[in-house]
Amino acid sequence: MSLRAQPTDVYSRERNDRDRALLAAVVFAVLFSQLLLYPGVSTLVEALGADPGASALMGTALEASMWFVVAEFVGYVAFVGVWGVASDAAGRRTPFIVAGALAGAAGYAALAAVPAVGSLPFEAVLLLRICQGAMTIGPFSLTMTMLMDLEGGHGRNMGAAGIAIGLGAALGAPMGGALTEVDPIAPLAVAAALLVCVGGLVTRVPDRSPGSRRTPQAVVAGVRRTPQLLLPYAFGLIDRLTAGFFALVGTLYFQATFDVGPATTGLLLACFFAPFALLQYPMGALSDRIGRVPPIVVGSVCYGVGILAVGAAPTVGLAAAAMVVVGVLGAMVSPATMALVTDLAANDERGIAMAGFNVAGSLGFLAGFLIGGTVAEAYGYGLAFLVVGGLEVAIAVIAAPVLLRLSIEDGSRFLSRADDS
């Protein structure tokens with residue numbers, strides 16, 4: 001009997017591996033398309049009709065660019081929960097991902113058509129951008145939810161999502177810069193094409209959602225009965241805050257402190273993002289073996305200390321080494337935190353649970369810009385590193401007793417190898 005079952009088990013594992021890779025590719029494509037726009041955003045908003053000084057939103061080119069970026073996040077935060085509730089209520093993922101991907105592609109295409117239309121107020125462009133963000137967040141969040149639904153270990157599944165996110169961020173920006181050199185509108189056109197491909201690719205993966213239909217009110221009520229989800233949400237917010245901090249304040253800090261140019265700055269950031277992206281899967285698999293508490297709590301404390309070490313490094317070489325260590329520690333924390341969402345959420349409430357995590361992450365990324373930039377501007381880079389690193393340590397220390405209590409009370413379901421379902 002066991003000999004007969006073995007090929008089936010092997011086939012099931014191979015199918016899960018294939019589906020995991022396909023879903024990770026979808027997550028990568030969505031984030032890659034988003035990052036394409038960032039390197040040339042100032043040139044892009046000018047092509048889309050931003051006229052510095054024409055209104056309060058466009059006092060400078062920097063302000064116009066900032067509002068263009070923020071508008072997408074507004075769409076994300078406002079609608080990610082809608083996608084999650086709708087998917088959980090319908091008991092399906094794939095139709096919503098396809099619809100969101102095609103609508104997001106239409107949003108990118110509409111933005112690309114703005115220069116041809118002409119005389120469109122920039123406020124209308126921002127409205128289009130909000131709509132595009134509202135549609136694009138659906139495929140991103142629900143594809144991560146499909147990874148949550150997949151068997152084979154929640155840590156592994158979320159590690160695959162983490163690699164996709166990291167590589168999308170790492171590769172999207174340089175490719176976007178190259179496309180902008182060709183044509184400022186080119187990143188929008190490529191983003192639209194990628195989302196069309198996303199709509200087709202996701203249909204090759206079986207929809208493993210529970211399939212039971214529920215009212216949206218029942219879905220929301222179920223999540224409210226799981227306040228423990230606030231734990232991974234809090235960690236996700238602080239972790240993304242540190243990423244936003246390095247993306248903005250870290251860039252300025254390296255250039256001001258070590259007198260390096262954009263190329264060296266990019267290499268320093270790569271010292272963080274490369275190990276952070278590439279180690280997500282093995283670190284996620286490690287959390288399946290040893291549980292969530294060690295990588296989340298110990299990893300967060302060490303991660304916070306590592307951030308302080310970057311700010312204290314006296315030379316470029318030591319700063320680069322510290323960035324590598326911080327990237328490794330970040331990779332330890334991130335997939336375990338996302339897997340914790342899966343551990344805690346009911347099977348038929350994973351869509352809204354992951355939506356909540358993505359809301360926290362988006363707010364955290366923006367907070368990294370605002371808190372880091374404000375503190376650095378007012379009190380200097382040293383205190384900015386201290387605040388951000390201290391927040392990472394503080395959340396671990398505060399949450400550790402709660403996580404340990406949960407591990408004792410419900411260790412069979414989370415914080416052990418219980419996510420093989």
Side-chain angles (χ1 to χ4, degrees), residues 20 23-24 27 76-77 80-81 83-85 87-88 93 137-138 140-165 208-210 219-220 222-241 243 280-281 283-288 291-297 299-300 330-365 395-396 399 402-403 406-407 410-421:
R20 185 181 294 114
L23 291 171
V27 173
Y76 281 7
V77 173
V80 64
W83 287 106
V85 171
S87 173
D88 286 341
R93 315 283 188 218
I137 191 59
F140 179 78
S141 186
L142 291 181
T143 302
M144 292 179 68
T145 307
M146 288 188 74
L147 280 164
M148 295 170 73
D149 294 332
L150 189 64
E151 297 177 354
H154 297 160
R156 291 181 179 87
N157 295 335
M158 293 300 99
I163 288 180
I165 292 170
R208 294 178 173 85
S209 59
V219 173
V220 173
V223 170
R224 287 177 175 172
R225 290 193 297 269
T226 315
Q228 298 93 332
L229 284 168
L230 293 175
L231 282 170
Y233 291 176
F235 278 100
L237 186 148
I238 299 298
D239 292 344
R240 297 288 179 87
L241 183 150
Q280 295 264 338
Y281 184 81
M283 290 298 187
L286 177 65
S287 78
D288 285 340
R292 313 294 181 221
V293 170
I296 292 178
V297 175
S300 292
M332 180 185 298
V333 176
S334 180
T337 304
M338 290 190 288
L340 184 57
V341 178
T342 314
D343 295 337
L344 293 170
N347 291 348
D348 54 359
E349 293 165 1
R350 287 172 173 170
I352 188 173
M354 181 51 70
F357 183 81
N358 284 320
V359 167
S362 296
L363 293 176
F365 205 84
I395 185 64
V402 182
L403 284 169
L406 283 173
S407 69
D410 202 8
S412 63
R413 184 166 64 94
F414 106 74
L415 310 170
S416 68
R417 293 180 299 164
D419 56 345
D420 294 331
S421 60

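No experiment lies behind these values; they were computed from the predicted model shown. Along the sequence shown, residues are numbered consecutively beginning with 1.
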Roughly how far, to the nearest 0.5 Å, is the CG atom of Leu231 from the CG atom of Leu344? 7.5 Å
Check Ala353 against Ala345 and note the closest heavy-atom contact, atom names and distance. CB-CB, 3.6 Å
Only counting residues at least two apart or in another chain, list the ones meeting side chain to side chain contact (heavy atoms under 4.5 Å, CB included) with Leu241. Ala367, Ile371, Val388, Leu391
Measure the shortest side-chain to side-chain distance between Asp88 and Asp348 over non-hydrogen atoms and say whether it is less than 4.5 angstrom. no
ring-ring contact (aromatic ring centres under 6.0 Å, His included) filter on Tyr76, not counting sequence neighbours, yields Phe73
What I'd like to find out is whether the side chain of Met144 reaches to under 4.5 Å of the side chain of Ile165, using heavy atoms alone. yes
Smallest heavy-atom separation, Val341 atom then Leu229 atom, equals O-CD2, 3.9 Å
Using 0.5 Å steps for rounding, measure from the CE atom of Met158 to the CE atom of Met354. 5.0 Å
Kindly indicate whether the side chain of Asn157, heavy atoms from C-beta on, has any atom under 4.5 Å from the side chain of Met148. no
Looking at residues at least two apart in the chain, or sitting in another chain, which of them share a side-chain hydrogen bond (donor to acceptor under 3.5 Å, both in side chains) with Ser87? Arg93
Residue set satisfying side-chain hydrogen bond (donor to acceptor under 3.5 Å, both in side chains) with Ser300, at least two apart, ordered chain then number -> Glu392
In terms of heavy-atom contacts, Tyr233 and Phe357 come closest through CE2-N, 3.3 Å
Do you know which two heavy atoms are closest between Ser287 and Arg292, and how far apart they sit? OG-NH1, 2.7 Å
List for me each residue that meets side-chain hydrogen bond (donor to acceptor under 3.5 Å, both in side chains) alongside Ser141, sequence neighbours excluded, and say none if there are none. Asn358
Minimal non-hydrogen separation, Gln280 against Gly162, with atom names: OE1-CA, 3.2 Å
Please lay out, stage by stage, how Leu340 and Phe235 fare under the test side-chain contact (heavy atoms from CB on, under 4.5 Å). CA-CA 10 Å; Leu340 184 57; Phe235 278 100; 5.8 Å; no
d(Leu147 CG, Met338 CE) to nearest 0.5 Å is 9.0 Å
Heavy-atom closest pair (Thr337 atom, Val333 atom, distance to 0.1 Å) is OG1-O, 2.8 Å
Flag for His154-Asp288: side-chain donor and acceptor within less than 3.5 Å: no
Once rounded to the nearest 0.5 Å, what's the spacing between atom CG of Asp149 and atom CZ of Arg350? 5.5 Å
As an exercise, state the distance from CG of Leu142 to CD1 of Ile137, rounded to the nearest 0.5 Å. 9.0 Å
